[in-house]
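Atoms considered below: every heavy atom in the structure, side chains included; atoms not considered: hydrogens, waters and symmetry mates.
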Amino acid sequence: MNAKGSAGDEGSESSSSSKKNSKRPKYSRFTQQELPACKPILTPGWVISMFIAVGIIFIPIGLASLSASERVVELSHRYDRDCVPEGFDNDLVGYIQSPKTNKTCTVTLTVPKQMKQPIYIYYQLDNFYQNHRRYVKSRSDKQLRSKEYERDTSSCEPEATNGDAPIVPCGLIAWSLFNDTYQFSANEKSLQVSKKGIAWESDQKHKFGSDVYPQNFQSGGLIGGAKLNSSIPLSEQVDLIVWMRTAALPTFRKLFGKIEVDLEANQRISVVIENNYNTYSFGGKKKLVLSTTSWIGGKNEFLGVAYLTVGGLCLFLAICFILVYVIKPRLASWGSILSILEQKPSGAYELRDLQLWLLSFYG
């Protein structure tokens, strides 16, 4: 009895130790992937219905987007060549860099359709790579936010300091600030350009400090772009704030201001341009753009065309699938068979029943 008892104790101990040493996870429906799940079977009816639904939704959106884009009136004029005086056609860089040449020119624009206020004024630059890595990194966000960090210029080279004094705002982005100006008039009356609301409110409040003022800016030997009023804090320098939000592509537009009066069709507008910004050194282009807006923003036909293309393609595929389904219907799938078999309790079907089901579906 003692021998048998000891043998039983040893067996129980070995079994318990094997359970402790087992690496098998504890059983649960989660670890065994037995939780209820939705496993849809894409039947021809479902696929055709989805394509039709996408087409019905996308096509009206595309038509509405195209209609809104057509209502936007846009007027664009390239002026970097028009403003070059005679005798400098072959020396564009010399013209723009010389302090003695006249940079003022006047162009006349004709309004194609009625333009209702507000009319947004943009300047467009081509072949200007604001997304260059060294250019994008050449700034100090801490310095822009607070006067406490005005000497934080380590990331601003080569426009970090002027002697021992820090440059505020420092960096290549601020140094290359756009400095062309525009003055508009119509019917011998000046059109006021409003700067209100052209910069993001979040940028003015959180990225540019109200206690930070320009210091030693554009005071070196090489002048890059516009100068800043040292008595106005950076949070109110809206042209700088707009420029500091760098563009992702080499062709971009930035907001210059707004005209807050209506312009009639065929009305002639005179624009006095100060052509100061040097785009001739890198083969760039400059354009002046006047544009109205709609609920989708400016003029943009791509969005409407994209919606119409996707919606039309979905309807075309739906029609093709309907024709295929009618002309040559698909045989029943195992999903259909299983869904029918699941209507009875498990074990209700025998082998003979399965054979009859298969014969009924596949002849």
Side-chain angles (χ1 to χ4, degrees), residues 76-109 121-130 132 135 138 156-163 165 167-186 188 190-193 195 213-232 237-240 242-244 250-257 268-290:
S76 176
H77 180 77
R78 180 183 174 184
Y79 65 88
D80 56 289
R81 290 284 182 174
D82 296 343
C83 290
V84 177
E86 295 181 1
F88 287 95
D89 293 337
N90 297 324
D91 188 16
L92 300 176
V93 177
Y95 151 73
I96 200 68
Q97 291 181 345
S98 174
K100 298 180 180 180
T101 55
N102 182 19
K103 305 295 193 304
T104 304
C105 67
T106 303
V107 298
T108 301
L109 307 177
I121 307 167
Y122 300 90
Y123 55 88
Q124 177 176 317
L125 298 180
D126 294 0
N127 201 35
F128 191 113
Y129 288 84
Q130 272 198 319
H132 191 283
Y135 183 87
S138 184
C156 293
E157 293 294 342
E159 291 295 320
T161 58
N162 184 10
I167 298 175
V168 182
C170 66
L172 288 174
I173 305 177
W175 174 79
S176 60
L177 176 61
F178 188 78
N179 61 344
D180 284 6
T181 61
Y182 314 106
Q183 295 179 2
F184 298 85
S185 61
E188 299 182 354
S190 177
L191 298 176
Q192 297 298 321
V193 177
K195 297 284 186 177
Y213 292 83
Q215 299 178 31
N216 306 307
F217 187 70
Q218 303 288 20
S219 59
L222 186 61
I223 305 300
K227 296 185 178 182
L228 298 175
N229 190 335
S230 59
S231 63
I232 300 177
Q237 305 266 10
V238 290
D239 289 324
L240 173 69
V242 170
W243 179 258
M244 293 291 286
T251 298
F252 59 87
R253 293 178 181 179
K254 290 187 181 291
L255 192 56
F256 180 82
R268 297 172 68 85
I269 303 173
S270 178
V271 187
V272 179
I273 301 174
E274 287 289 337
N275 183 31
N276 299 313
Y277 202 69
N278 183 8
T279 58
Y280 306 104
S281 298
F282 54 88
K285 302 175 184 177
K286 293 187 289 187
K287 292 182 181 179
L288 171 64
V289 181
L290 304 181

Calculate, to the nearest 0.5 Å, the distance between atoms [atom1] and [atom2] belonging to [X] and [Y] respectively.
X: Ile273; Y: Tyr79; atom1: CD1; atom2: OH; value: 6.0 Å
X: Ile96; Y: Phe88; atom1: CD1; atom2: CZ; value: 10.5 Å
X: Tyr280; Y: Asp91; atom1: OH; atom2: CG; value: 11.5 Å
X: Ile269; Y: Ser185; atom1: CD1; atom2: OG; value: 9.0 Å
X: Asp180; Y: Tyr123; atom1: CG; atom2: OH; value: 9.5 Å
X: Asn216; Y: Cys170; atom1: CG; atom2: SG; value: 11.5 Å

Minimum heavy-atom distance between [X] and [Y], given as atom pair plus value:
X: Ile232; Y: Pro214; answer: O-CD, 3.4 Å
X: Ser219; Y: Asn162; answer: OG-ND2, 2.8 Å
X: Asn102; Y: Thr104; answer: OD1-N, 3.1 Å
X: Leu255; Y: Val242; answer: O-CG1, 3.8 Å

How about [atom1] on [X], more than 12 heavy atoms from neighbouring residues, nucleotides or ligands closer than 6.0 Å, or not?
X: Asp89; atom1: CG; result: yes
X: Arg78; atom1: CZ; result: yes
X: Lys254; atom1: NZ; result: yes

Do [X] and [Y] touch side chain to side chain, with heavy atoms closer than 4.5 Å?
X: Tyr135; Y: Ile173; answer: yes
X: Ile121; Y: Leu290; answer: yes
X: Ser270; Y: Thr106; answer: yes
X: Val193; Y: Tyr182; answer: no
X: Leu288; Y: Phe184; answer: yes
X: Pro169; Y: Leu240; answer: yes
X: Pro250; Y: Tyr129; answer: yes
X: Asp82; Y: His77; answer: yes

Main-chain N/O of [Y] paired with [X] side-chain donor or acceptor, under 3.5 Å:
X: Asn127; Y: Phe282; result: yes
X: Gln218; Y: Gly224; result: yes
X: Lys286; Y: Tyr277; result: yes
X: Gln237; Y: Asn229; result: yes
X: Gln124; Y: Thr251; result: no
X: Ser176; Y: Leu172; result: yes
X: Asp126; Y: Gly284; result: no

message = Could you check whether Lys103 makes a cation-pi contact with Tyr95, meaning its NZ or CZ is under 6.0 Å from the centre of the six-membered ring and within 45° of the ring axis?
response =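 Yes, Lys103 lies over the aromatic ring of Tyr95.
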Think Lys195 forms a cation-pi with Phe256, using NZ or CZ under 6.0 Å from the six-ring centre and within 45 degrees of its axis?
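Yes; both conditions hold, so Lys195 lies above the ring face of Phe256.
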